[in-house]
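From a predicted model like this one, the values you see are computed outputs, not experimental measurements.
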Amino acid sequence: QVQLVESGGGLVQAGGSLRLSCAASGTFFSTYTMGWYRQAPGKQRELVATISVDSTNYADSVKGRFTISRDNTKKTVYLQMNSLAPEDTAVYYCNAARFGTYYWGKGTPVTVSI
């Protein structure tokens, strides 16, 4: 069982930056593919970025602006978000995946104002 707790969301002006964190509990954290997803009002949840043991993957909409990273010793995954735009406004969810099993955090809201 894995529990995920996100933090770092908030209100930021367009062009600004935020750093999201996701702290995980449980064992074998380093073997999980960790991901960030987001869900804007009235829209479906979408992939933002994932990080596995040896690779990262980004949605086209965030490439060059967002960076996902992980610290396995702290069991934490981060999402550095730069050059934020109003269309990045959403609730951001942390995800842990391994062997077809998925865990989700409760989300942290990000609001980007003009």
Colleague: Do you know which two heavy atoms are closest between T89 and P41, and how far apart they sit?
Modeller: O-CD, 4.5 Å
Colleague: Shortest non-hydrogen contact from A14 to P86?
Modeller: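 Looking at all heavy atoms of both residues, the shortest contact is CB-CD, 4.2 Å.
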Colleague: Establish whether M34 and Y93 are linked, either directly or via other cluster members, by ILVMFWY side-chain heavy-atom contacts under 4.5 Å.
Modeller: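 No, it is not one cluster - the side chains of M34 and Y93 are not joined through contacts under 4.5 Å.
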Colleague: How many angstroms lie between atom OG of S52 and atom OH of Y32, to the nearest 0.5 angstrom?
Modeller: 15.0 Å
Colleague: Consider only side-chain heavy atoms of I, L, V, M, F, W and Y, link residues closer than 4.5 Å, and tell whether F66 and Y78 are in one cluster.
Modeller: no
Colleague: Mind jotting down which residue pairs meet the side-chain hydrogen bond (donor to acceptor under 3.5 Å, both in side chains) criterion with at least one end in residues 97-114? Sequence neighbours excluded, please.
Modeller: T31-R98
Colleague: Calculate, to the nearest 0.5 Å, the distance between atoms SG and CG belonging to C22 and N95 respectively.
Modeller: 9.0 Å
Colleague: Starting at NZ of K75, measure out to OG1 of T27 and round the result to the nearest 0.5 Å.
Modeller: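 Spacing of NZ (K75) from OG1 (T27) equals 6.5 Å.
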Colleague: If hydrophobic clusters are built by linking Ile, Leu, Val, Met, Phe, Trp and Tyr wherever their side-chain heavy atoms come under 4.5 Å apart, do V112 and V62 end up in the same one?
Modeller: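 Yes: a chain of side-chain contacts under 4.5 Å links V112 to V62.
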Colleague: For Q44 and Q39, work out which heavy atoms get closest and say how close.
Modeller: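 Distance-wise, the nearest heavy atoms are C-CG, 4.0 Å.
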Colleague: Flag yes if more than 12 heavy atoms outside Q80 fall under 6.0 Å of its CD atom; otherwise flag no.
Modeller: yes
Colleague: Is the shortest heavy-atom distance from the side chain of M81 to the side chain of L20 under 4.5 Å?
Modeller: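 Answer yes - side chains close enough.
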Colleague: Tell me, yes or no, whether the heavy-atom count around Q13 atom CD, taken from other residues, nucleotides or ligands under 6.0 Å, exceeds 12.
Modeller: no
Colleague: Is there a side-chain contact between R38 and S61, using heavy atoms and a 4.5 Å cut-off?
Modeller: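 A side-chain contact under 4.5 Å exists here.
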Colleague: Check salt bridge (Lys or Arg N to Asp or Glu O under 4.0 Å) between D54 and all other residues, then give those that pass, not counting sequence neighbours.
Modeller: none
Colleague: Between V2 and Y37, is there shared hydrophobic-cluster membership here, with clusters defined by ILVMFWY side-chain heavy atoms closer than 4.5 Å?
Modeller: no
Colleague: Would you compute the distance between atom CG of N57 and atom CD1 of I68 and round it to the nearest 0.5 angstrom?
Modeller: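 Going from CG on N57 over to CD1 on I68, the span is 9.0 Å.
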Colleague: Tell me the closest heavy-atom pair linking A59 and L47, and the distance in Å.
Modeller: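 Closest approach of A59 to L47: CB-O, 3.4 Å.
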Colleague: Should the pair R65 and Y58 be classed as cation-pi, given the thresholds of under 6.0 Å to the six-membered ring centre and 45° from the axis?
Modeller: no
Colleague: Quick one: OH on Y92 to CG on L79, what's the gap to the nearest 0.5 Å?
Modeller: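 Nearest 0.5 Å value for the OH-CG distance: 7.5 Å.
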Colleague: Rounded at 0.5 Å granularity, tell me how far CZ in R70 sits from OG1 in T56.
Modeller: 11.5 Å
Colleague: Is there a donor-acceptor pair under 3.5 Å between the side chain of S30 and the backbone N or O of N72?
Modeller: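 No; judged by distance alone, with no hydrogens or angles, the pair does not exist.
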Colleague: Are L18 and I51 in one and the same hydrophobic cluster, where Ile, Leu, Val, Met, Phe, Trp and Tyr link if side-chain heavy atoms are under 4.5 Å apart?
Modeller: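 In one cluster with L18: I51, yes.
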